[in-house]
Amino acid sequence: MVKEVIPVLTQRPRGTADLLPGEVEQWKRLEDIFRAVSRTYHYQEIRTPVFEHTELFARGVGETTDIVEKEMYTFEDRGNRSLTLRPEGTAGVVRAYVENKLYGLPDLAKLYYVGPMFRYEKPQKGRWRQFHQYGVEVLGSEAPEVDVEVIAFGAEFLTKLGLKDVQAEVNSVGCSECRPRHREAMVEKLRPVADRLCKDCQSRLDRNPLRIFDCKNESCQAILREVEAPTVLQCLCDACQSHFSAVTELLQEVGVRFVINDRLVRGLDYYTRTAWEFTVPGYSTVAGGGRYNGLVAQIGGPETPGVGFAGGIERALLVLQEQGAAVTERSPLTAYVAVADAQASQTATKLLQELRCAGISADRDYQGKGLKAQLKAADRVQAKYVLILGEEELKSGTVSVKDLATGEQVTVARNEIVSYLSDLQNSSGVVEHDQM
RNA sequence: GUGAGUAUGGCGAAGUGGUUAACGCACCGGAUUGUGGUUCCGGCAUUCGUGGGUUCGAUUCCCACUACUCACCCCA
């Protein structure tokens with residue numbers, strides 16, 4: 001029979017990834033740390049759907065953002081509803097907040113989430129079509145203390161993760177009053193010299209003038225200096241100005257390492273006032289966040305301020321690895337049952353079951369390997385003990401226990417083997433820590 | 001969406017217009033009879049992403065497609 005090869009059956013969709021054993025441990029570690037920090041900051045987990053009505057993102061994230069214009073995974077379901085795989089986490093959380101009337105609760109909603117996000121983009125280093133974010137949102141307060149809490153949360157998490165040289169870059173993008181004013185000022189200064197700007201910046205001038213500050217083109221930077229284009233910070237209204245001052249003061253108070261970056265822009269339309277990114281020098285941004293005071297009302301809820309941040313798991317892990325701080329773990333094996341004689345296979349199966357029921361991790365060979373090969377296999381998985389069952393042991397009702405680290409071998413009665421290993425395990429401090 | 005590069009066994013990686021496609025790692029087996037990290041010996045791609053074309057002949061040349069990688073835009 002000719003084997004038919006259908007690539008699609010053995011190829012994952014573009015921009016997706018399989019997390020294989022070995023890598024998954026890293027993810028679990030990150031999630032564990034994130035959850036632990038969430039607990040100490042008193043945030044609660046929320047899980048929202050991975051898809052929402054397309055309109056939510058269009059309205060929430062912003063019609064003119066790249067995400068909405070060209071990156072959404074949008075599809076129609078059988079009821080002709082337009083749905084979209086979530087490209088970010090905030091919109092869904094805010095929707096859930098409104099729909100479930102969490103604003104009726106006596107306290108602020110302090111929420112965290114972890115999960116997959118989707119954006120239709122060309123994959124490249126640290127960028128996927130399905131990627132994963134952890135993030136937090138606080139709804140119901142416009143106090144600068146809350147901005148600071150959220151920034152401190154992020155800084156602490158990234159540090160605990162093991163990332164070195166993490167830095168918070170902080171800016172204020174103003175509010176619905178001062179932002180248009182800044183935009184106008186910039187356009188006014190740059191419009192007359194627009195033809196001298198690079199092609200990208202010419203389109204930025206229409207879409208998001210602030211981004212011109214980000215241009216890597218030196219000539220564009222020169223033009224900015226020449227026309228004395230104002231930064232947002234210079235255009236802040238009094239209220240935004242005092243909010244920003246409070247945030248930076250408190251950050252210092254709390255001891256969060258940060259720098260003010262008055263050119264920092266964020267990609268989503270909903271940000272107001274404080275906006276920040278966590279960067280690691282030499283690498284890309286690992287997380288970003290900001291305040292979004294208009295978003296809840298924007299999607300139809302009561303006027304409610306919010307702040308939040310989110311980071312990419314793939315990116316954090318990537319930087320961690322490149323900094324050489326990645327840790328590798330393997331699930332430990334206490335007992336490898338080796339069959340020295342085919343006659344003993346049945347007994348081995350029984351022994352294996354007893355060990356496992358007693359909470360001792362145990363495995364064996366199923367491929368008919370010779371004893372030597374079994375020892376080798378046990379060594380390779382770094383088993384603590386090899387339990388040998390052969391003709392002799394069968395006859396005498398015993399099992400030979402070999403300690404692979406020391407090479408010592410003892411004979412133990414078969415009906416005592418479980419308690420024997422349990423005792424060894426307890427006294428040596430080896431703990432089986434697979435949780436249910 | 002734009003631009004560039006790559007595509008050889010499980011992994012890494014040579015290679016040539018022409019009968020047998022290096023090598024390393026990994027893996028499997030063996031070095032007399034039931035014992036593991038070393039050493040030695042042996043095994044392991046009728047095949048060089050897919051489909052066409054050029055040619056007497058292509059894994060090596062050309063085209064298309066697909067995938068991957070990197071950069072830009074943008075972002076996590």
Side-chain angles (χ1 to χ4, degrees), chain A residues 5-8 10-17 20 61-62 64-71 86-90 114-135 154 158 198-204 207-208 211 214-217 264-268 277-280 283-289 309-319 336 338-344 365 367-394 400-409:
Chain A
V5 179
I6 307 174
V8 154
T10 54
Q11 204 166 61
R12 61 178 186 262
R14 189 163 202 204
T16 62
L20 303 178
V61 176
T64 61
T65 58
D66 269 35
I67 290 181
V68 171
E69 279 187 350
K70 56 181 205 191
E71 294 172 1
R86 62 181 184 196
E88 55 94 53
T90 304
V114 184
M117 307 293 162
F118 306 83
R119 288 182 203 171
Y120 190 90
E121 292 186 275
K122 262 199 181 171
Q124 56 182 284
K125 194 176 191 183
R127 162 178 293 183
W128 304 84
R129 289 186 171 182
Q130 176 180 336
F131 61 104
H132 299 75
Q133 288 189 330
Y134 54 85
L158 293 170
C198 72
K199 225 172 80 197
D200 284 336
C201 284
Q202 291 187 17
S203 91
R204 284 173 177 135
R207 299 161 48 92
N208 194 346
R211 256 190 209 299
D214 260 351
C215 187
K216 294 168 183 93
N217 211 320
L264 183 89
V265 199
R266 304 248 59 225
L268 315 181
E277 286 184 358
F278 289 102
T279 56
V280 179
Y283 301 95
S284 60
T285 300
V286 293
F309 90 97
I313 295 183
E314 287 85 351
R315 255 180 216 188
L317 260 21
L318 181 69
V319 176
Y336 187 100
V339 179
D341 186 293
Q343 303 282 322
D365 164 65
Q367 300 175 98
K369 282 191 167 96
L371 180 62
K372 190 173 187 159
Q374 292 180 66
L375 264 300
K376 199 172 173 183
D379 186 54
R380 194 159 42 219
V381 298
Q382 289 175 22
K384 189 98 176 68
Y385 305 103
V386 175
L387 311 190
I388 302 169
L389 278 173
E391 208 180 340
E392 294 168 24
E393 289 82 358
L394 235 42
S400 298
V401 180
K402 176 160 186 164
D403 184 321
L404 278 186
T406 64
E408 286 166 21
Q409 188 167 320

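These values consider heavy atoms only, across backbone and side chains, with no hydrogens, waters or symmetry-generated copies.
One N or O on the side chain of A:R315 and one on the backbone of A:G126 form a donor-acceptor pair closer than 3.5 Å.
One can find a donor-acceptor pair under 3.5 Å joining the base of B:rU35 and the side-chain atoms of A:Q409. Residue A:Q382 places no side-chain atom within donor-acceptor reach of the base of B:rG36, judged by atom type and a 3.5 Å distance cut-off alone. Residue side chain A:K372 does not reach the base of B:rU35 through any donor-acceptor N/O pair under 3.5 Å, judged by distance alone. Residue-to-nucleotide contacts include a donor-acceptor pair under 3.5 Å from the side chain of A:R127 to the base of B:rC74. Side-chain to base pairing of A:R266 with B:rC74: no donor and acceptor N or O lie closer than 3.5 Å to each other.
One can place CG of A:L375 at 11 Å from C1' of B:rG37, the figure rounded to the nearest angstrom. We find that CG of A:D200 is positioned 6 Å from P of B:rC73, with the value rounded to whole Å. For the pair A:R207 CZ and B:rC73 P, the interatomic distance rounds to 13 Å; values are reported in whole Å.
Within the structure, a side-chain polar atom (N or O) of A:R14 is placed less than 4.0 Å from OP1 or OP2 of B:rC68. OP1 or OP2 of B:rC28 sits under 4.0 Å from a side-chain N or O of A:R380. A sub-4.0 Å separation between OP1 or OP2 of B:rC75 and a side-chain N or O of A:R315 is absent. OP1 or OP2 of B:rA71 lies within a sub-4.0 Å distance of a side-chain N or O belonging to A:Q124.
Residue-environment remark: OH (A:Y283) exceeds the threshold of 12 foreign heavy atoms within 6.0 Å. For A:E391, the CD atom counts as loosely surrounded, since its 6.0 Å shell holds 12 or fewer non-hydrogen atoms of other residues, nucleotides or ligands.
Note on A:E69: nothing from the nucleic acid sits closer than 4.0 angstrom, heavy atoms only. Across all strands, A:K125 comes closer than 4.0 Å only to sugar-phosphate atoms, never to a base (heavy-atom distances). Residue A:A287 is in sugar-phosphate contact alone, with no base atom involved, counting any heavy-atom pair closer than 4.0 Å across all strands shown. Here A:R204 lies in heavy-atom contact (under 4.0 Å) with sugar-phosphate atoms only. Residue contacts shown for A:G126 include a base, since a base heavy atom lies under 4.0 Å away. At a threshold of 4.0 angstrom between heavy atoms, the contacts of A:V286 are confined to the sugar-phosphate backbone, with no base atom among them. Residue A:K70 is in base contact, counting any heavy-atom pair closer than 4.0 Å across all strands shown. Within 4.0 Å (heavy atoms only), A:I313 reaches no atom of the nucleic acid at all.
For the pair A:E391 and A:E121, nearest-nucleotide mapping onto RNA chain B gives the more 5' position to A:E391. Closest-nucleotide positions on RNA chain B for A:G15 and A:R211 were compared, and the one nearer the 5' end corresponds to A:G15.
Taking the P atoms as reference points, B:rA26 lies 9 Å from B:rU39, given to the whole Å. One C1' atom belongs to B:rA14, the other to B:rA7, and the distance between them is 16 Å to the nearest Å. For B:rU47 and B:rG10, the P atoms lie 13 Å apart once the distance is rounded to whole Å. If you take atom P in B:rU6 and the same atom in B:rU16, they sit 15 Å apart, rounded to whole Å. Annotation: B:rG49 and B:rC11 have their P atoms spaced 13 Å apart (nearest Å).
In this structure, the nucleotide among B:rA76, B:rG29, B:rG34 sitting nearest to the side chain of A:K369 is B:rG29. With B:rU35, B:rC73, B:rG1 as the candidates, the nucleotide lying closest to the side chain of A:K122 is B:rG1. Minimum atom distance to the side chain of A:D379 is reached by B:rG37, of the listed B:rG37, B:rG34, B:rA76. Comparing B:rC74, B:rG34, B:rG36 against the side chain of A:K376 picks out B:rG36 as the nearest.
Contact detail for A:R119 and A:Q133: the closest heavy-atom pair is NH2-NE2, 4.3 Å. Nearest heavy-atom pair across A:A338 and A:L371 is CB-CD1, 3.9 Å.
Within the 4.5 Å cutoff, no side-chain heavy atoms of A:L394 are placed close to those of A:D341.
A side chain to side chain contact (heavy atoms under 4.5 Å, CB included) with A:L268 is found for one member of A:D66, A:T90, A:I67 and no other, namely A:I67.
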